[in-house]
Student: 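Sending over a structure as structure tokens; questions will come in a sec.
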Amino acid sequence: MSTSMQCQELLVQGLSLAMILGGVMHFIYLMKSHAAYGRYVDTSGSSMVVPARLAWFLQELPALLVPLILMLTTDGNNGTGRHLMLWTFCLHYFQRSCIYSLLTKGRPYPLNIMLLGMVFCSINGFLQAHYLLHCATYHKTWFSEACLLAGLIIFFTGMGINIHSDHILRNLRKPGEISYKIPRGGLFEYVSGANFFGEIVEWLGYAVATRSLPTFAFAFFTICFIGPRAYHHHRFYNEKFEDFPRSRKSLIPFIF
């Protein structure tokens with residue numbers, strides 16, 4: 001049954017600022033240490049792990065389900081603009097939860113990190129959906145504005161880079177192989193974290209298209225969380241492989 005909900009401005013601002021602060025704290029921590037999943041999992045510990053495919057599915061799913069539930073339980077008179085941007089957000093998480101999770105060949109995932117990921121995706125899914133459905137205002141001329149077109153082009157360019165880079169990573173090793181290899185092809189010719197670069201570009205495009213504090217906060221958090229991971233991957237390749245291309249950067253082509 002559809003209901004009408006008022007915009008909770010203080011909640012939106014509070015969650016957005018908390019996400020920005022959390023991004024800064026994560027960046028400081030992750031530049032010194034690793035987020036303990038994937039190649040950085042401590043296999044000697046006794047922490048519980050979840051199969052990678054199940055973990056990625058459960059972790060990313062709330063960011064898809066929460067917005068869908070809010071859309072279904074909100075009055076339909078919300079404007080095309082709000083739904084366009086929210087469906088764009090959902091498209092990413094449909095790909096991550098229902099497609100990427102089925103294809104991934106990653107290592108078992110620590111249960112505690114999966115649960116933290118579920119909490120974050122739930123909160124962020126609510127924040128983005130509530131803002132777009134109940135707070136954002138779009139004028140009739142919005143569809144002809146340059147920021148929308150530019151933002152969507154940037155978003156889908158980033159999504160294409162992210163999906164293509166994940167495809168390259170999945171096919172690095174033949175069946176039965178466990179050793180790491182240097183990723184080659186696509187944007188990996190320029191950066192070690194091509195998949196991370198693609199996702200960052202996605203959310204920067206999303207922020208440009210919507211021009212709002214919640215979307216900027218999410219893009220900023222994404223940079224702070226996966227940017228350091230690209231840096232650590234780059235250092236890992238540099239230390240492990242003598243033939244690693246020295247011209248390749250960590251995250252941003254030709255720059256960093």
Side-chain angles (χ1 to χ4, degrees), residues 19 56-57 59-68 70-71 78-104 120-121 124-125 127-129 131-133 136 138-171 183 185-227 229-230 249 251-256:
M19 191 173 291
W56 278 104
F57 173 75
Q59 176 179 280
E60 307 288 296
L61 189 61
L64 173 64
L65 288 183
V66 172
L68 290 178
L70 284 178
M71 276 194 281
N78 286 299
T80 306
R82 300 179 180 192
H83 283 128
L84 171 65
M85 297 316 305
L86 192 51
W87 279 115
T88 303
F89 178 85
C90 290
L91 177 64
H92 170 89
Y93 280 102
F94 173 79
Q95 194 276 329
R96 295 296 287 181
S97 61
C98 299
I99 299 176
Y100 173 82
S101 65
L102 295 177
L103 298 174
T104 186
F120 175 82
C121 285
N124 188 47
L127 173 62
Q128 305 302 329
Y131 172 79
L132 288 171
L133 292 173
Y138 295 107
H139 302 290
K140 292 182 179 180
T141 58
W142 179 71
F143 284 101
S144 62
E145 292 181 7
C147 282
L148 170 64
L149 180 60
L152 288 176
I153 290 174
I154 294 169
F155 176 89
F156 284 106
T157 299
M159 190 173 190
I161 293 170
N162 180 250
I163 292 173
H164 181 246
S165 301
D166 283 336
H167 171 76
I168 291 174
L169 290 174
R170 279 195 303 271
N171 291 280
L187 209 66
F188 281 114
E189 295 299 319
Y190 302 96
V191 292
S192 296
N195 50 329
F196 304 126
F197 175 78
E199 186 163 352
I200 288 171
V201 168
E202 275 189 78
W203 297 124
L204 286 175
Y206 188 69
V208 168
T210 56
R211 287 167 292 166
S212 68
L213 179 60
T215 54
F216 167 79
F218 180 38
F220 179 80
F221 182 90
T222 301
I223 293 170
C224 292
F225 189 77
I226 63 179
R229 195 165 181 85
K249 300 298 183 181
L251 181 64
I252 306 172
F254 311 112
I255 299 174
F256 171 75

Student: Any chance OH of Y190 has more than 12 other-residue heavy atoms, nucleotides or ligands included, within less than 6.0 Å?
Tutor: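 No - once you tally the heavy atoms of other residues, nucleotides and ligands closer than 6.0 Å, there are 12 at most.
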
Student: Would H83 and L133 count as a side-chain contact (heavy atoms from CB on, under 4.5 Å) if you check the C-alpha gap in whole Å, the side-chain angles of each, and the deciding distance to 0.1 Å?
Tutor: CA-CA 8 Å; H83 283 128; L133 292 173; 3.9 Å; yes

Student: Going by heavy atoms in the side chains, are Y131 and L213 under 4.5 Å from each other?
Tutor: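 A side-chain contact under 4.5 Å is absent here.
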
Student: Kindly say whether N162 contributes a backbone atom to a donor-acceptor pair with the side chain of E199 at under 3.5 angstrom?
Tutor: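 Answer holds: no.
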
Student: Specify the closest pair of heavy atoms between L251 and G193, including all atoms of both residues, with the distance to one decimal.
Tutor: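 Closest approach of L251 to G193, heavy atoms only: CD1-O, 3.9 Å.
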
Student: Taking S101 for its side chain and S97 for its backbone only, find out whether a donor-acceptor pair lies under 3.5 Å.
Tutor: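 Yes: the side chain of S101 pairs with the backbone of S97.
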
Student: What are the two closest non-hydrogen atoms of F254 and K249, and how far apart are they?
Tutor: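 Answer, listing the atom of F254 first, then K249: N-CG, 3.7 Å.
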
Student: Looking at every heavy atom in both C98 and L64, which two are closest together, and how far apart are they?
Tutor: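 That closest heavy-atom pairing would be SG-CD2, 4.4 Å.
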
Student: Counting only heavy atoms from other residues, nucleotides and ligands, does the tally under 6.0 Å from CZ of F120 exceed 12?
Tutor: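 Buried by this count: over 12 neighbours within 6.0 Å.
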
Student: How many angstroms lie between atom OG1 of T210 and atom CG of L148, to the nearest 0.5 angstrom?
Tutor: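 CG of L148 is found 9.5 Å from OG1 of T210.
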
Student: State the CZ-OG distance between R170 and S165, to the nearest 0.5 angstrom.
Tutor: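 Taking CZ in R170 and OG in S165, the distance rounds to 10.5 Å.
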
Student: As an exercise, state the distance from NE2 of H164 to CG of N195, rounded to the nearest 0.5 Å.
Tutor: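 It comes to 12.0 Å.
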
Student: Ignoring hydrogens, what is the shortest heavy-atom contact between P67 and P62? Give both atom names and the distance.
Tutor: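 Looks like CD-O, 3.8 Å.
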
Student: Might you work through the side-chain contact (heavy atoms from CB on, under 4.5 Å) test for L132 and T215, ending with a clear yes or no?
Tutor: CA-CA 10 Å; L132 288 171; T215 54; 5.7 Å; no

Student: CG/L91 to CZ/F89 distance, rounded to the nearest 0.5 angstrom?
Tutor: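 Answer for the CG-CZ pair, L91 versus F89, is 11.5 Å.
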
Student: Kindly give the heavy-atom pair with the smallest separation between M71 and C90, and that separation in Å.
Tutor: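 Taking every non-hydrogen atom into account, CE-SG, 4.2 Å.
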
Student: Working to the nearest 0.5 angstrom, can you tell me the gap between E202 CD and I154 CD1?
Tutor: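 The CD atom of E202 sits 12.0 Å away from the CD1 atom of I154.
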
Student: Is the closest side-chain heavy-atom distance between Q128 and L70 below 4.5 Å?
Tutor: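 No, every pair of side-chain atoms sits at 4.5 Å or beyond.
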
Student: Do you know which two heavy atoms are closest between P253 and V191, and how far apart they sit?
Tutor: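 Residues P253 and V191, closest heavy atoms: N-CG1, 3.4 Å.
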
Student: Using 0.5 Å steps for rounding, measure from the CD1 atom of I252 to the CD1 atom of I200.
Tutor: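 With rounding to 0.5 Å, CD1 (I252) is 7.5 Å from CD1 (I200).
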
Student: Please assess V201 against M159 for the test side-chain contact (heavy atoms from CB on, under 4.5 Å), listing each intermediate value before the final yes or no.
Tutor: CA-CA 8 Å; V201 168; M159 190 173 190; over 6 Å; no

Student: Do L68 and W87 touch side chain to side chain, with heavy atoms closer than 4.5 Å?
Tutor: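 In contact.
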
Student: Parallel, tilted or perpendicular, judged at 30° and 60°: which one describes the rings of W203 and F218?
Tutor: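 The arrangement is tilted - the two ring planes meet at 30° to 60°.
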
